[in-house]
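Here is the naming used below: chain letters follow the sequence lines, and residue numbers restart at 1 for every chain.
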2 protein chains.
Amino acid sequence: MSDSTFPEVRSLDLFADMSDENYAKLMRGAYLQTFPPHVDLIGEGEGADFLHVLVSGAVDLFSRWNNRETSVMIVKPVSTFILAATIRDARYLMSARTMEKSRIVMIPSQDVRAIFDLDAGFARAVVVELAACYRSVIKTTKNLKLRTALERLANYLLSRHRAYGAPASFDLDLEKRQLASVLGMTPENLSRAFKALQAYGVAVNGEKIEITNPALLQKFAKPTSLIDDDQT
Amino acid sequence: MSDSTFPEVRSLDLFADMSDENYAKLMRGAYLQTFPPHVDLIGEGEGADFLHVLVSGAVDLFSRWNNRETSVMIVKPVSTFILAATIRDARYLMSARTMEKSRIVMIPSQDVRAIFDLDAGFARAVVVELAACYRSVIKTTKNLKLRTALERLANYLLSRHRAYGAPASFDLDLEKRQLASVLGMTPENLSRAFKALQAYGVAVNGEKIEITNPALLQKFAKPTSLIDDDQT
DNA sequence: CTGCTTACTTGATATTTATCAAGCGGGCAT
DNA sequence: ATGCCCGCTTGATAAATATCAAGTAAGCAG
């Protein structure tokens, strides 16, 4: 296991529990590719021929309808994307494009399905991963249906703040227009929302965020682990 | 297999591929319970001790936050709910209540996880089911972020119309207030939305819906399999 | 049958969010 | 360094959606 191909991939929860032999089999048809920024990787509706593992960079999973577009989620390394389509041998529901220069390992879907049947450890890891993905999207749905855009932003900021260990200030890890799309609002509205949060102790300077009064912001945002926690 | 306990459960995709022996093991700790209408089954945040299988009736999976409430999905028989929480041994993300008198088989979560490791057919079925659930929620998210409430209603009607085989008229299978909540709007707005769709060939009379001009409605709704199809 | 409850509808209004149109300002290529 | 592109901001306005307040009608219990 120490000298496996793509060690970053091997150490992911999804691939950590399988036998060396099966991991090697899975990687036999896999290849690493490096993409420049802002390159289309996948178009929604295409067949899911590969499971993708983002090793470095960042990928935007988005969707279009009727001339509108929205970011459904942002993938940060190291993690997989479009596992569900791979498993079901179905079409991609989202398009994908790189946001920065990205290195991606592509594993043929048929191999993923074959190894799933051979390796119980992998099977268990797949199901645990998929369940986590499912729960994450349910949280997104609750966030969208139960909260206003301002409340979503407030909770996003608190969530990042907490993830970074509650520092005095931190930088947004997304461009504001990207963030707006993820949160389900327009860039103009995000701008105004940031301003509105000044009243709750949020200071914004470019991409630097300062939460000067966490208690006040929390009182407004009312975060809950059943929506805002990445883990549970 | 012909005389298994809970034959309706056994014939679900999720349980159809496992051995008789393992199915029997899984059902050893399971029990069928009948609930009256409008009874709370589960509160969000509670531990997921049971996988639930709805055998008859209907169940509303909903969530509350800050004094607001929304239906995330409606479960119709025969199908399971909260598989993901069961798999991850996590807390429920949604509350559940019966809408009508309902019969529900409850299977201890620990048994589900144990049999998953024993039975490859069951493991495969679980992962396929979870992947389908995931994709379904992704579609919901796209529906919410890319469409207005009026567009969501139009597509919902077309989708039901198609599912029933494009009849001259059909009845809504949800109360309007329920439907409003599922579609992410208020009952008042749903009422007005129905009126607005008259212009596109939709006639509403109580719970009876007539789509007098499907082509016109489709031109407005622009349905796509990547959002509106239950299967793919 | 009568009266009650409850869902639904309708109208008026407020809030939230999007759109359109400038303007500002930082980063990057020439 | 200069100028240009692009993302961000701001203001004005429009559209979408929610809220509040009655009113209507259908179903059900007495």
Protein-nucleotide distance (B/L144, atom CG; D/dT17, atom C1'), rounded to Å: 14 Å
End axis versus end axis in the helix from C/dC1-D/dG30 to C/dT30-D/dA1, the angle rounded to 10°, five pairs used at each terminus: 40°
CD-CD1 distance between A/Q218 and A/I211, expressed to the nearest 0.5 angstrom: 8.5 Å
Nearest-Å distance for atom pair CZ/P, residues A/R152 and C/dT16: 12 Å
B/R147 vs B/D228, salt bridge (Lys or Arg N to Asp or Glu O under 4.0 Å): CA-CA, chis, key distance, verdict: CA-CA 12 Å; B/R147 289 176 173 159; B/D228 306 291; 2.8 Å; yes
Protein-nucleotide distance (B/K145, atom NZ; C/dT17, atom C1'), rounded to Å: 15 Å
Separation of B/D171 CG from B/D173 CG (nearest 0.5 Å): 9.5 Å
Per-nucleotide protein contact string for nucleotides 18-30 of chain C, where B marks a base within reach and S marks sugar-phosphate only (heavy atoms under 4.0 Å, - for neither): BBB----------
Nucleotide C/dT9, atom P - distance to CG of B/L197 in whole Å: 13 Å
Side-chain N or O of B/K195 closer than 4.0 Å to phosphate OP1/OP2 of C/dT9: no
From D/dA16, D/dT10, C/dT10, nucleotide with atom closest to B/T148 side chain: D/dA16
Interatomic distance where CG belongs to A/L150 and P belongs to C/dT17 [whole Å]: 8 Å
Dump the pairs, protein N or O against N or O of nucleotides 23-29 of chain D, anything under 3.5 Å, distances to one decimal.
none

Rounded interatomic separation in angstrom, taking CD from B/E175 and P from C/dT9: 12 Å
Distance, nearest 0.5 Å, that separates OG of A/S63 from CZ of A/R68: 12.0 Å
A/E188 vs A/R177, salt bridge (Lys or Arg N to Asp or Glu O under 4.0 Å): CA-CA, chis, key distance, verdict: CA-CA 9 Å; A/E188 294 96 323; A/R177 46 192 284 284; over 6 Å; no
Test ring pair (Phe, Tyr, Trp, His ring centres under 6.0 Å) applied to A/H52 and A/F81, A/F35, A/Y31, the passing residue: A/F81
Criterion salt bridge (Lys or Arg N to Asp or Glu O under 4.0 Å) on B/R97 and B/D60, from CA distance to verdict: CA-CA 5 Å; B/R97 68 185 154 217; B/D60 180 16; 3.1 Å; yes
Atom pair distance, as rounded to whole Å: CG in B/L153 and P in D/dT17: 11 Å
Test: A/R160 cationic atom under 6.0 Å from A/Y164 six-membered ring centre, within 45° of axis: yes
Length of the CZ-P vector between A/R177 and D/dG7, whole Å: 5 Å
Distance under 6.0 Å and angle within 45° of ring axis: A/K139 vs A/Y134: no
Neighbour count above 12 (heavy atom, 6.0 Å) for B/K76 NZ: yes
Side-chain H-bond candidate by donor/acceptor type, A/S181 with A/E69, under 3.5 Å: no
